[in-house]
2 protein chains.
Amino acid sequence: MGSPKRTTIYDVAREAGVAASTVSRAFSNPRRVNAVTRGHVHAAAERLGYRPSPLASALQSGRTATIAMLVPDITNPHFFGAIRGAEGRARQADLTFILSNTEESAAKEQDQIERLSRSVDGFVLAASRLPGGAVADLARDHNLALVNREVEGIPSAVVDNDSGSGQIVDHLASLGHRSLVYLSGPEQSWSAGRRWNALRSAASEHGMAAERLGPFPPMTDAGGAAADAALARDATALVAHNDLLAIGVLKRLAERGVAVPEEASVVGYDDIFGADLCVPALTTLAGPGDRAGRAAVELLLRGGSRSGTLTDPHRVVLPSHLVIRESTGPAPVTGHSRRLLH
Amino acid sequence: MGSPKRTTIYDVAREAGVAASTVSRAFSNPRRVNAVTRGHVHAAAERLGYRPSPLASALQSGRTATIAMLVPDITNPHFFGAIRGAEGRARQADLTFILSNTEESAAKEQDQIERLSRSVDGFVLAASRLPGGAVADLARDHNLALVNREVEGIPSAVVDNDSGSGQIVDHLASLGHRSLVYLSGPEQSWSAGRRWNALRSAASEHGMAAERLGPFPPMTDAGGAAADAALARDATALVAHNDLLAIGVLKRLAERGVAVPEEASVVGYDDIFGADLCVPALTTLAGPGDRAGRAAVELLLRGGSRSGTLTDPHRVVLPSHLVIRESTGPAPVTGHSRRLLH
DNA sequence: CAACTCTTGGCAATCGCTTGCCATGTCCGG
DNA sequence: CCGGACATGGCAAGCGATTGCCAAGAGTTG
């Protein structure tokens, strides 16, 4: 940095004619010092352009006024909402906010937590790729809150994909589809498992067949393989793990001359930016990601995973809703399904 | 956190039977201590699960091994490349990386720099909204590197929009367009100014008319107003400040029944995710944002703005190239331009 | 073998702030 | 007018590392 020496509480103390401790208190514990004195201190600080050192403060007090959010892929629009929400809430609480990319790797995630541990008051883990056990272990030594992931006893905020998946199946069923395939996300993805379970059970309630394909990486590029796999199954309804994948599927389907939604319907999850721009516009399950992000920080503020209130391991579940666009339509009338209909 | 007490160098020292200073050196200055001793120390540390406290270390040494990147809008895909690049390079250098959103506000940007100042070694400012003078001032007290922004004497990495804008105009001219409008970005945006200048001068070289409209916020929502403004000018070629805006324009044009590219051509900047998904797919100027991000961190590592080498105020300029898709086409043949052609 | 240079480890001060504890001063009720 | 309860400011001991300086031992050299 430029300046030779930053001003410290001692400089301010001298300038204000009080002790350093008073300066400290004037800032971090205002009610502990007389209003008039406090005024002098602040004035002196102002004059000197004093800025407290978060480092020194944290070192002594153990509180860093900082939280970190770990995200598997920072460029995946799926996380935008949560990131914005978390960041906004953190700012409100006057916390500095660190965002970190774990590149879809459980190892990097764990490592990052370990590294940051001393410099942060808590972690928000978005769609953690860590196995449940590992998360529980970490929660013993660190302050955690989860987004779109649930682990027994750890505070979390999730978008309700269970009910959402039900909505998807309802929609598909009402369009006459008799079966669906789920193009699954990464194995370590908790959501992927949940979604599949919910889809399957909803499907069986409707008497629909359901099959799971994959896993596929949750990105557009993987759409080709996913679409091909689905086509090989003669599927008429494809539910993709997320919008990125769904958009990739749409692309591939177009290449192969499969008309959407006439010959096949496609559904995604997340309602990301771009879902309404692609052709046909994507039917997808939208959820309040930003609220999930806010909620997670909120939980952290309330104590996070270490707030071992035996009462309720704080869980926040946020409602999702299906946004119906153009990528879903009536099931194609061919083969024996045509016979059934006429 | 969970554990009652973290292990310190003193614990390790005792365990290894050496002095604390030796432990410290074993980690931060390995060659200062004998290989054998170092071995013992590391073993002891391992046994105790010791993790150095970045805070304590930073407090004394003044080095935090952390850099912060400030971005006007973290969810704007324009910045993804730069963010990824910067983050990657930082990770390589074993720096912890803080990402912070300034919400398009110069004040927040300045404030954030001030706040983080003591806890980071340097800043990467992406598309800073700060006036040049303010940046120069800050550079005196803080270590800065710029992305997609240039300020006299401060290291920066920019994508070459000047030449890029030339490419856009060339393309448009070769399609027979005789005039263009630039739908400008925010006033504080340095890029916006640069782009306009480059467009204008390239246009005049081609004998094309050029007009600037705006400013518009650089997001899809603003596309409506931008498109309307352009239409009111009878423009046949619209160059939008960025892809987000361009996509919004496309949307509005479709609503108003203006065929693209038959009746109007649209060009964007950045080639973000989604630019190839919208209909028609967007012609846009692509640049290596990730390399710009890497380069900026690199510059920071080399000393940043405080490395007052009077020699060259390190500037990195990265090449851009036009990606031609479907949103641009031959100028419409109507009115007197039809007469000219026949 | 004396005189020197290197290596290597330890001592102790320091970074800037927080906080437990104590000393005063003030204000009351009795 | 006295003792107790509060309010307020100061002292000094840390927090967990880094680092300048010193001393002892090892290795070299003439």
Could you list the donor-acceptor pairs under 3.5 angstrom formed by side chains in residues 291-301 of chain A, with sequence neighbours left out?
unit_1	atom_1	unit_2	atom_2	d
A:Glu298	OE1	A:Arg89	NE	2.6
A:Glu298	OE1	A:Arg89	NH2	3.3
A:Glu298	OE2	A:Arg89	NH2	3.4

If a pair satisfies side-chain hydrogen bond (donor to acceptor under 3.5 Å, both in side chains) and one of its residues is in residues 26-44 of chain A, list it, with sequence neighbours excluded.
none

When all nucleic acid strands are considered with a 4.0 Å heavy-atom cut-off, which category describes A:Val23: base, sugar-phosphate, or nothing?
nothing

Distance check needed: D:dC15 P versus B:Ile9 CD1, whole Å only.
12 Å

Just by distance, with hydrogens left out, do B:Thr64 and B:Ser119 show a side-chain donor and acceptor under 3.5 Å apart?
no

From the options C:dT18, C:dG16, D:dA17, select the nucleotide whose nearest atom is closest to the side chain of A:Thr8.
C:dG16

Can you measure B:Asn29 atom CG to C:dG9 atom P for me and round it to whole angstrom units?
12 Å

Any Lys/Arg nitrogen of A:Asp94 or A:Arg91 sitting under 4.0 Å from an Asp/Glu carboxylate oxygen of the other?
no

How close or far is atom C1' of C:dC17 from atom CG of A:Leu55, stated in whole angstroms?
11 Å

Residue B:Ser53, side-chain atoms from C-beta onward, closest of D:dA17, D:dG9, C:dT18:
D:dA17

Just the rounded figure in Å: distance from C1' of C:dG10 to CZ of B:Arg14.
16 Å

D:dA17, OP1 or OP2 - any side-chain N/O from B:Arg51 closer than 4.0 Å?
no

Report yes if at least one side-chain N or O of A:Ser24 is closer than 4.0 Å to OP1 or OP2 of C:dT18; otherwise report no.
yes

Suppose we screen for salt bridge (charged side-chain N to carboxylate O under 4.0 Å, His left out). Which residues come up paired with A:Glu15, at least two apart in sequence or across chains?
A:Arg47

To the side chain of B:Tyr50, which of D:dC15, C:dT19, D:dA17 is closest?
D:dA17

DNA chain C contacts made by residues 36-45 of chain B, counting heavy atoms under 4.0 Å:
B:Thr37

Rounded off to whole Å, could you give me the CG-to-P distance for the A:Leu59 and C:dC15 pair?
14 Å

Among side-chain atoms of A:Arg6 and B:Ser117, is any donor-acceptor pair under 3.5 angstrom?
yes

Quick one: is D:dG10 close enough that its OP1 or OP2 comes under 4.0 Å of any side-chain N or O from A:Arg32?
no

End axis versus end axis in the helix from C:dC1-D:dG30 to C:dG30-D:dC1, the angle rounded to 10°, five pairs used at each terminus
30°

More than 12 heavy atoms of other groups within 6.0 Å of A:Arg84 CZ
no

Between B:Ser57 and D:dT18, does any side-chain N or O lie under 4.0 Å from OP1 or OP2?
yes

Is any side-chain N of the basic residue among B:Asp111 and B:Lys108 closer than 4.0 Å to the acidic one's carboxylate O?
no

Minimum-distance nucleotide to B:Val18 side chain [options: D:dC15, C:dG10, C:dC17]:
C:dG10

Integer-rounded Å distance: C:dG16 P and A:Arg6 CZ
10 Å

Within the 3.5 Å criterion, strictly below it, is a donor on B:Ser128 or B:Glu109 matched to an acceptor on the partner's side chain?
yes

Without hydrogens or angle criteria, can the side chains of B:Asn148 and B:Ser191 be said to hold a donor-acceptor pair below 3.5 Å?
no

Matching residue for B:Leu144 among B:Leu70, B:Val135, B:Val124 - test: side-chain contact (heavy atoms from CB on, under 4.5 Å):
B:Val135

Taking any heavy-atom pair under 4.0 Å as a contact, classify A:Pro52: base, sugar-phosphate, or nothing.
sugar-phosphate

Aromatic ring proximity, centroids under 6.0 angstrom, B:Phe27 and B:Tyr50:
yes

Tabulate protein N/O versus nucleotide N/O from nucleotides 11-14 of chain D, keeping only pairs under 3.5 Å, one per line.
unit_1	atom_1	unit_2	atom_2	d
D:dC11	N4	A:Ser21	OG	3.3
D:dG14	N2	A:Gln60	OE1	2.6
D:dG14	N3	A:Gln60	OE1	3.1

